[in-house]
K.L.:
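Have a look at this one before I ask anything.
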Amino acid sequence: MEMTLRWYGPGYDSVSLEQIKQIPGVKGVVTTLMGKQAGEVWTEAEILELKKAVEDAGLTIAGIESVNISDDIKIGTEKREQHIANYIETLENLGKAGIHMVCYNFMPVFDWTRSDLARVRPDGSTVLAYNQDVVDKIDPAHMKESVEKMSNGFVMPGWEPERLSRLEALFEAYKDIDEEKLFHNLVYFLESIGEVCEKYDIRMGIHPDDPAWPIFGLPRIVRNKEWIVRLLKAVDKPYNGITLCTGSLGSNPANDICDIIKAAKGRIPFAHVRNLKYNSERDFEEAAHLSSDGSMDMHAIMKALYETGFDGVIRPDHGRMIWGEVAMPGYGLYDRALGAVYLQGLWEAIDKESGKN
Ligand SMILES: O=C(O)[C@@H](O)[C@@H](O)[C@H](O)[C@H](O)CO
Ligand SMILES: [Fe+2]
């Protein structure tokens, strides 16, 4: 496994590459071109510039998180073909630059959703949290204002101002899209990019929906073992894989993460490993990565990855805000660094005890 940290790119991240380089065991980052709108081409020159910035700091680009998919592709509008052609060109340019892992998601309109970006935990840290009752009261048309107030002035992934100002039109465009249509459009997209992925040995990792159930009346499909297995079978090629995100899949306690890891064996190019604390059926909050701080068994998760031969890119996911750090919610340095080292500690122990090494 290759331990990394997510880095948002020059000008977008409060964490520097120099800081990331000092986290033990972290040799690479997963990054993106933040300024790009979904549907646009990433040129070779832009990719090489990003690559140079990372490599000049002594790190590597282990993969891209994310090359976002436009709503036109998800809905299947007449702009879909052009956007897919642009996506293929982007993959070609990434492949030429030696980048072989790409994360994306297929959530309509929103990326991840939380009701609280700074809930205070008993230890005084603040975390992202989700409460269904609060979300049920949010009028999606006014979400722009609420999110802007909550995000400390940072741009949140998937919640870019450009997208939020088109909410009403977007909801309208999705009105006939149910789970089956969305799934069909996802398969269509994956089939269309097969050739370029195979040519450049690019492994695509779809990120699960977060939380793992439909919200605001919009369909969400990458949310449990059944859908994941169905998707892996529908395009049964090594390039079609998943980003195993424990926090997203784990938002639904009915999801057995270790079982999903086993079911997706060999098809997990990327893993996001973090812990959550369930407070009730309708409320969860993020926790430190350490098992005892939340509700998940991180040792069992790392062991399932180990035992299924996981050889992909991995990163800690959302961290708590601790020690007075001011950063994009979930993406400070300190708690993610603790997470990266803890996960490597688990892996080292599992590896040594396996007797294989
Ligand atoms: O929850 C997060 O912050 C990330 O895991 C997602 O934003 C993820 O990058 C996207 O869904 C993948 O496209
Ligand atoms: Fe994730």
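Remember, it's 1-based here, ligands and their atoms both numbered in the order they're listed.
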K.L.:
Of all the atoms in Cys245, is at least one N, O or S atom closer to the Fe ion (ligand 2) than 2.8 Å?
P.N.:
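True for Cys245.
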K.L.:
Looking at Val135, Asp210, Asn279, which one forms a side chain to side chain contact (heavy atoms under 4.5 Å, CB included) with Tyr130?
P.N.:
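So the option named by the test is Val135.
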K.L.:
Any heavy-atom pair between the side chains of Val30 and Arg315 that's under 4.5 Å?
P.N.:
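A side-chain contact under 4.5 Å exists here.
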K.L.:
Strictly by modelled atom types, are Glu65 and His207 linked by a side-chain donor-acceptor pair under 3.5 Å?
P.N.:
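No - no donor-acceptor pair under 3.5 Å links their side chains.
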K.L.:
Just to be sure I read this right, does ligand 1 sit under 4.0 Å from the backbone of Tyr331, its side chain, both, or neither, counting only heavy atoms?
P.N.:
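Near ligand 1, Tyr331 shows its side chain, while the N, CA, C and O stay back.
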K.L.:
In terms of atom number and element, which parts of ligand 1 are under 4.0 angstrom from non-hydrogen atoms of His272?
P.N.:
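Within the 4.0 Å cut-off of His272, ligand 1 contributes 5 (O).
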K.L.:
Does Asn105 approach ligand 1 within less than 4.0 angstrom via side chain, backbone, both or neither, non-hydrogen atoms only?
P.N.:
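Both parts.
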K.L.:
Does any non-hydrogen side-chain atom of Asp293 lie less than 4.5 Å from one of Arg121?
P.N.:
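Side chain of Arg121 against side chain of Asp293, heavy atoms only: contact under 4.5 Å found.
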K.L.:
Find all atoms of ligand 1 within a distance of less than 4.0 Å from any non-hydrogen atom belonging to Ser66, and give their numbers and elements.
P.N.:
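The atoms of ligand 1 under 4.0 Å from a heavy atom of Ser66 are 9 (O), 10 (C), 12 (C), 13 (O).
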K.L.:
Do any N/O/S atoms of Asp317 come under 2.8 Å of the Fe ion (ligand 2)?
P.N.:
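True for Asp317.
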K.L.:
Is Arg315 touching ligand 1 with its side chain, its backbone, both, or neither, if touching means heavy atoms under 4.0 Å apart?
P.N.:
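Just the side chain.
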K.L.:
With no hydrogens and no angle check, just 3.5 Å: does a side-chain donor-acceptor pair link Tyr278 and Asp283?
P.N.:
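Short answer, no.
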K.L.:
Taking only Lys NZ, Arg NE, NH1 and NH2, and the carboxylate oxygens of Asp or Glu, determine whether Glu226 and Arg230 approach each other closer than 4.0 Å.
P.N.:
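Arg230 and Glu226: not salt-bridged.
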K.L.:
Given that the side chain starts at C-beta and the backbone is N, CA, C, O, which of these parts of Cys245 lies under 4.0 Å from ligand 1, counting heavy atoms, or is it both or neither?
P.N.:
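Near ligand 1, Cys245 shows nothing, with every heavy atom at 4.0 Å or more.
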K.L.:
Which ligand 1 atoms, with their elements, are less than 4.0 angstrom from a heavy-atom of Trp112?
P.N.:
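The list of qualifying atoms is 1 (O), 2 (C), 3 (O), 6 (C), 7 (O).
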K.L.:
Let's go through Asn224 and Asn255 carefully: what are the C-alpha distance in whole Å and the side-chain angles of both, what is the deciding distance for side chain to side chain donor-acceptor pair (under 3.5 Å) to 0.1 Å, and is it a yes or a no?
P.N.:
CA-CA 6 Å; Asn224 57 28; Asn255 280 333; 5.3 Å; no
K.L.:
Show the atoms of ligand 1 that are less than 4.0 angstrom away from any heavy atom in Cys103.
P.N.:
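Answer, ordered by atom number: 12 (C).
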